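Below is one structure, written out as structure tokens; the observations come after it.
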Amino acid sequence: MSLTTSAWRLRFAAGVAGATVLASAACSAAQQGAIGNSTTGGGPVRDGGTLVVGQSSDADPGSFLKTSVGNILAEYAVLETLTMIDTRTGQPKGVLASSWTLGKDAKSMDIKLRDDVTFHSGRKLTADDVIFTIQKVQDPKTGAANQSIAEQISHVEKKGDSELALTFKQPLPNIFDLFETMPILNKDTYGDYAAGRNVDGTGRFTWKSWTPGGKILLEKYANYRDAKNTHLNAIELDVIKDPTAMTAAVRSGRVQYGTGMAALDSRSLSKQPGYALVTSGGSAIPLAFDVTKPPFNNKAVRQAVQYAIDRDRIVQQVEGGQATATSLRWKPSTVGYDAAQAKQYTYQPDKAKQLLAQAGVKNASFDMVTLNTPEATGIFQIVKNNLAAVGLNPRPVVLAVADYDARVAKQDMGAPAFLMLASNGLSPASAVLNRPELLPKGNLSHFQDPEYGRLVDAVTKATTDTDKQKALKDYDAYFNEQAFAVPLIIRPTLTVRTVAVNGITPTQMGFLDISRAWLSK
């Protein structure tokens, strides 16, 4: 999803606290190692073969900066970022950047690039490509992930073919979140990306071909700087939108790694001999409302909807038990997480009916946007039935990923209600200024209130655990009461592999890197 905002409120105090982390990361990063533990089995590494992957969403090769769902697996195989955060230590490790040095005031950074990187076309990576990519991310028309961070880079200076300097408007302890979601583009060929014929990256695999709605074929890049640790000859990404067909493809052996299938099917299949469940990252799924459109301009109606939904049923029937019913988007380990607040909206249809009656709302019909994925449509069906039981009638507006992303980028969902898929890997201080449904200004719900802005500001400024606990608890209490984008569940990402697939690696943001995978037989 694209993450855009014009506001970034990190204060100097918070920046100095983050600067300690940044300064400790100003180091050499020449080694090209894994950024986290493999989520799959071990055994001796074997070279060769083609990994066949099933994914439920098609690619959108002109949208790599948006982290679109259909691009994720190909993106980290074909393109590379400046750094990636090590999931074991939480510290950034160099990928295209060989080193970085933070200025004493935490408002500037010098970056040196590796000098052994070439694009698949053969041209050497230069600082000009990084500058071009940063400018693309800064452009609101791109709708890029973490554009709100990039817009706080006030100046970029080329200091040589392999070196550049960044100047920040204010300290940016979140700069490595930007780097992780900013694959570096070839400035000379980027105009060809969207057609899907020439996606020129620096990664372990070349973009060989794309058949829209069919498959993406990636081939090993023989001239990669560390080609000996690229084990597969090729990766084939098959688009299989029907969840039943996806499960059948994995069962038959036609697909060795299946992503995007229903959670219940994933869990069931993983229990059978020859298969294993892969879990990574985490997401919240909020039900949000445009508060400018009746009846959702009434807070009581928004609260009624939340009480009407059977979250536990979603957990069991859609997610196969691999999720948590909650009213909070945060992981329980988050400083300031309150278990009581997480249970604020439990299944209470009678209370929902009472609130609707008090608001004078009866038999209201409205559109509800949902993604065209098995999970999203499954959740919608439960929500629809729950709301029908209290006298409301949501009509589905089912969108492809590209159309959904376009609406998010425009900050216009085109419907009074919308289901969202939102990563919960960000800290509260980053999420409230990056997630489009949480922004104090320009959020997708068009919710505005000075009090909300004050609470967001407190979350971003809190530096001690005591301050963080108070700030987040106050924020969550207000956020739940206003009920404009309350989560229904949080859940990990579930995918299924055959036991022959090894070396799939999670990223800090919950994505999966298959570029170093291998087949054991």
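Starting from 1, each residue takes its place in the sequence as its number. Everything numeric here is computed off the predicted structure, so don't read it as measured data.
Every residue two or more places apart in sequence or in another chain was checked for a side chain to side chain donor-acceptor pair (under 3.5 Å) with Gln358, and none qualifies. With sequence neighbours left out, the ring pair (Phe, Tyr, Trp, His ring centres under 6.0 Å) criterion links Tyr307 to Tyr345. With sequence neighbours left out, the side-chain contact (heavy atoms from CB on, under 4.5 Å) criterion links Pro416 to Lys293, Phe296, Phe366, Asp367. Residues passing the side-chain contact (heavy atoms from CB on, under 4.5 Å) test with Val315 are Ala323, Ala325, Ile489, sequence neighbours excluded. Asn71 is linked by a side-chain contact (heavy atoms from CB on, under 4.5 Å) to Ala59, Asp60, Ser63, Phe64, Ser68, Glu75, counting only residues two or more places apart in sequence or in another chain. Partners of Arg251 under the side chain to side chain donor-acceptor pair (under 3.5 Å) rule, at least two apart in sequence or in another chain, are Gln272. Shown here are the side-chain contact (heavy atoms from CB on, under 4.5 Å) partners of Asp474, two or more places apart in sequence or in another chain: Leu455, Lys470. Listed by chain and residue number, nothing satisfies the side chain to side chain donor-acceptor pair (under 3.5 Å) test with Ser252 (two or more places apart in sequence, or in another chain). For Tyr257, there are no ring pair (Phe, Tyr, Trp, His ring centres under 6.0 Å) partners two or more places apart in sequence or in a different chain. Under the rule for a side chain to side chain donor-acceptor pair (under 3.5 Å), the partners of Gln344 that lie at least two apart in sequence or sit in another chain are Asn480. Residues satisfying the salt bridge (Lys or Arg N to Asp or Glu O under 4.0 Å) criterion with Arg491, sequence neighbours excluded, are Glu375.
Of the possible polar contacts, none joining the Asp513 side chain to the Thr505 backbone as a donor-acceptor pair under 3.5 Å is found. In terms of modelled atom types and a separation under 3.5 Å, the side chain of Gln138 and the main chain of Glu151 share no donor-acceptor contact. With hydrogens and angles ignored, the 3.5 Å screen pairs no side-chain donor or acceptor of Arg254 with any backbone N or O of Val52. When atom types are taken as modelled, the side chain of Arg435 and the backbone of Asn443 share no donor-acceptor pair closer than 3.5 angstrom. Remark: side-chain polar atoms of Thr377 are not paired, donor with acceptor, to backbone N or O of Asn372 under 3.5 angstrom. Using a distance-only test at 3.5 Å, with no hydrogens or angles considered, a donor-acceptor pair links the side chain of Gln55 to the main chain of Ser57. Arg497 contributes no side-chain N or O that, together with a main-chain N or O of Asn502, makes up a donor-acceptor pair within less than 3.5 Å. Using modelled atom types, one side-chain atom of Glu180 and one backbone atom of Ile85 make a donor-acceptor pair closer than 3.5 Å. Within the 3.5 Å criterion, the main-chain N or O of Val432 finds no donor-acceptor partner in the side chain of Asn434.
Ring centroids of Tyr452 and Tyr475 are separated by less than 6.0 Å, placing the two rings close together.
Between Glu236 and Lys215, the closest heavy-atom pair is OE2-NZ, 3.3 Å. In terms of heavy atoms, Leu421 sits closest to Ile285 at CD1-CG1, 4.0 Å. Considering every non-hydrogen atom in both Val383 and Leu488, the closest pair reads CG2-CD1, 4.1 Å. Shortest non-hydrogen contact noted between Trp210 and Asp58 is NE1-OD1, 3.1 Å. Among all heavy-atom pairs drawn from Asn146 and Asp177, the shortest one is ND2-O, 3.2 Å. When all heavy atoms are compared, the tightest approach of Leu356 to Val390 is CD1-O, 3.5 Å.
Atom OG of residue Ser327 and atom CZ of residue Phe479 lie 10.0 Å apart, to the nearest 0.5 angstrom. For the atom pair OG1 (Thr334) and CZ (Arg329), the distance works out to 10.0 Å, reported to the nearest 0.5 Å. Here the CE atom belonging to Met84 is positioned 9.0 Å from the CZ atom belonging to Phe511, to the nearest 0.5 angstrom. To the nearest 0.5 Å, the span separating CG on Leu494 from OG1 on Thr259 amounts to 11.5 Å. Atoms CG and CD1, on Leu387 and Ile309 in that order, are 5.5 Å from each other to the nearest 0.5 Å. In this structure, CD in Gln303 is found 6.0 Å from NZ in Lys299, a value given to the nearest 0.5 Å.
For Lys169, the NZ atom is densely surrounded, since the number of other residues' heavy atoms within 6.0 Å is greater than 12. More than 12 heavy atoms of other residues, nucleotides or ligands sit less than 6.0 Å from atom NZ of Lys384.
Residues Phe484 and Arg302 are in side-chain contact: their nearest non-hydrogen atoms beyond the backbone lie under 4.5 Å apart. Contact check for Thr133 versus Met182: side-chain heavy atoms found under the 4.5 Å cut-off. Annotation: side chain of Leu73 is not in contact with side chain of Ile235 (no heavy-atom distance under 4.5 Å). Here the side chains of Leu185 and Leu65 are in contact, with some heavy-atom distance below 4.5 Å. You'll find the side chain of Phe168 reaches within 4.5 Å of the side chain of Ile175, heavy atoms only. Within the 4.5 Å cutoff, the side chain of Leu287 has heavy atoms near those of the Met368 side chain. Residues Gln482 and Glu451 have side chains not in contact (no heavy-atom distance under 4.5 Å, counting atoms from C-beta outward). A heavy-atom distance below 4.5 Å is found between the side chains of Leu433 and Val456.
Among residues at least two apart or in separate chains, side-chain hydrogen bond (donor to acceptor under 3.5 Å, both in side chains) pairs with a member in residues 314-323 are Arg313-Gln317.
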Could you give me the CA-CA distance, side-chain angles and deciding distance for Lys331 and Asn424, then say whether side-chain contact (heavy atoms from CB on, under 4.5 Å) is met? CA-CA 7 Å; Lys331 297 176 180 178; Asn424 69 345; 3.7 Å; yes

Residue pair Trp330, Leu472: steps toward the side-chain contact (heavy atoms from CB on, under 4.5 Å) verdict: CA-CA 10 Å; Trp330 322 115; Leu472 188 60; 3.6 Å; yes

Applying side-chain contact (heavy atoms from CB on, under 4.5 Å), run through Met413 and His446 and close with a yes or a no. CA-CA 10 Å; Met413 298 307 291; His446 304 124; over 6 Å; no

In sequence, state the C-alpha distance, the side-chain angles, and the governing distance for Thr370 and Leu399, and then conclude on side-chain contact (heavy atoms from CB on, under 4.5 Å). CA-CA 6 Å; Thr370 182; Leu399 299 179; over 6 Å; no

